[in-house]
Amino acid sequence: VLTASLPAWDGEMVAVAHHAGTWMFVCVHSTRLGPAAGGTRMKVYADPEDALRDGLRLAAAMTRKNAVAGLPLGGGKAVLAVPRIPGGAPRRELLLRYAELVNGLGGTYVTACDMNVTEADMDVVAERTPHVMGRSAEAGGAGSSAPSTAVGVYHAIRTAVAHVFGDEDLRRRSAAIQGVGAVGSVLARLLAEAGMRLAVADVDEARARRVAREVGAEVVPADEVLSTGCDVLSPCATGGILNEDTIPALRCRAIVGAANNQLREPADAERLAARGILYAPDFVVNAGGIIHLASLELLGESEAARDRRLEAIGRTLAECLRRADQERVSPQVAAERMAAERLAGGPGARLSPRART
Ligand SMILES: NC(=O)c1ccc[n+]([C@@H]2O[C@H](COP(=O)([O-])OP(=O)(O)OC[C@H]3O[C@@H](n4cnc5c(N)ncnc54)[C@H](O)[C@@H]3O)[C@@H](O)[C@H]2O)c1
């Protein structure tokens, strides 16, 4: 039952465990550049095969993201397919059993937070394995990665604006942010400080109003934000929002945001290019989160060194856009080529994360 997705996958291995109704899949896509790193997603799936498919796809995406970000990390992802989101003692038992699974892989996979998994959960996981990032600051971890993700998106927006308008002066530009949660709210503040005119939207309207008040932005309804006239649209909510149905209605010049998997299908990159809209590949733009964790927790770097890596997101995007123009492909394809080249030139060795600190 659980093998239908595996033959088409080009990754290295999947570790499987079962605990009290929960299937756990640790998908190691690539260790070519270092230990496979990526978050743990906890979710209720219709069946375990869906969970495995999600894990395989997300692990491959982490390989690309980490490679393009210049990190000494491969790509992996773990999925905990729970019958319902647990709390209290059952949650703790599940996390400890999961930690044993991760620990058994001996550092081949390094875990972190993702959907429905928090810093407090990573503190529990750390009781049984050292191969974990994203613990709380109180437990010696790097704390929330969201502010660094926002800083990376900010650098990418500067690059995209310079590419489209010929100068990177944000004071003459406008942006619309879809989703002002952990990442979007910090991004709104950074863009407002840089003098950009802002519109913000969130399905949680009270949150949108609060952020708008704090940064001096306009609020637009959540179902209108994609068709709001602006220079830069920044999706910071959920995936799949750029598709056959939404692309014809867009009224922006560039799309640069934190959300994962913004394109519903590969053809959407071509649809955006045909409309003359610059699409900055999400996995280039939103690498700030993994950079934050890897830099501070795995590589033992200073905050200044982390900030330099975040700034480099802007230069990586510039390189991607230059190649896209030169090679007459979409930025998405150019970024995929950049990842493939880094992987091809990689050391091909497994690095122990702890040995590097
Ligand atoms: N946190 C990180 O470090 C990080 C790193 C990489 C990528 N991402 C991605 O960035 C996105 C935002 O992450 P976050 O940590 O800010 O999440 P979050 O849950 O804190 O914020 C998301 C916000 O989007 C809103 N939202 C959901 N659906 C919406 C819709 N259809 N229209 C408008 N608003 C909507 C939610 O109400 C919430 O306020 C996610 O897709 C996440 O996967 C986050």
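All values below come from the heavy atoms of this structure, side chains included, with hydrogens, waters and symmetry mates left out. Every number for a ligand or one of its atoms is a count from 1 in the order of the listing. In what follows, residues are counted from 1 in the order of the sequence shown.
Salt bridge status for Glu297 with Arg135: present, with a side-chain N to carboxylate O gap under 4.0 Å. One finds no salt bridge joining Asp54 and Lys77 here, because no Lys/Arg side-chain nitrogen approaches an Asp/Glu carboxylate oxygen to under 4.0 Å. Between Glu193 and Arg189 there is a salt bridge, since at least one side-chain N of the basic residue sits less than 4.0 Å from a carboxylate O of the acidic one. Taking 4.0 Å as the cut-off between side-chain N and carboxylate O, Arg264 and Glu244 do not count as a salt-bridged pair. Using a 4.0 Å cut-off between charged nitrogen and carboxylate oxygen, Arg308 and Glu303 do not count as a salt-bridge pair.
At least one protein heavy atom sits closer than 4.0 Å to atom 39 (O) of ligand 1. Less than 4.0 angstrom separates atom 19 (O) of ligand 1 from none of the non-hydrogen atoms of the protein.
Atoms of ligand 1 found under 4.0 Å from any heavy atom of Thr238, numbered from 1 in the order shown, are 27 (C), 28 (N). Residue-ligand proximity, Ser145 to ligand 1, at heavy-atom distances under 4.0 Å covers atoms 2 (C), 3 (O). Proximity to Ala259 (heavy-atom distance under 4.0 Å) selects the following atoms of ligand 1: 9 (C), 10 (O), 11 (C), 41 (O). Per-residue contacts place Ala146 under 4.0 angstrom from the following atoms of ligand 1 (heavy atoms of the residue considered): 1 (N), 3 (O). Numbered from 1 in the order shown, with element, the atoms of ligand 1 that lie under 4.0 Å from a heavy atom of Cys236 read 11 (C), 12 (C), 22 (C). Listed by number with element, the atoms of ligand 1 under 4.0 angstrom from any heavy atom of Ala258 are 7 (C), 8 (N), 9 (C), 10 (O).
Checked by atom type and distance alone, the side chain of Glu168 never pairs as donor or acceptor with a backbone atom of Thr159 at under 3.5 Å. Judged by distance alone, the side chain of Arg64 and the main-chain N or O of Phe283 form no donor-acceptor pair under 3.5 Å.
A cation-pi contact, defined as under 6.0 Å to the ring centre and within 45° of the axis, is absent between Arg172 and Phe165.
When Ala237, Gly239, Ala208, Gly39 are ranked by how near their heavy atoms come to atom 11 (C) of ligand 1, first place goes to Ala237.
For atom 5 (C) of ligand 1, the closest non-hydrogen atom of the protein is Thr149 OG1, 3.4 Å. If you check which protein heavy atom lies closest to atom 30 (C) of ligand 1, you get Val203 CG1, 3.6 Å. The protein heavy atom nearest to atom 21 (O) of ligand 1 is Gly181 CA, 3.3 Å. Looking only at heavy atoms of the protein, atom 13 (O) of ligand 1 is closest to Val183 CG2, 3.9 Å. Nearest protein heavy-atom contact of atom 17 (O) of ligand 1 is Ala182 N, 4.5 Å. Remark: minimum distance from atom 36 (C) of ligand 1 to any protein heavy atom is reached at Asp202 OD1, 3.4 Å. For atom 43 (O) of ligand 1, the closest heavy atom belonging to the protein is Asn260 ND2, 3.2 Å. The nearest protein atom to atom 6 (C) of ligand 1, hydrogens excluded, is given as Asn286 O, 3.6 Å; this is a heavy-atom distance.
When heavy-atom distances to ligand 1 are checked against a 4.0 Å cut-off, His292 has no atom that comes that close, whether in backbone or side chain.
In this structure, a donor-acceptor pair under 3.5 Å is absent between the side chains of Ser330 and Tyr279. Residues Ser295 and Glu301 have side chains that bring a donor and an acceptor to within less than 3.5 angstrom of each other.
Annotation: Glu265, atom CD; neighbour count of heavy atoms from other residues, nucleotides and ligands within 6.0 Å is above 12.
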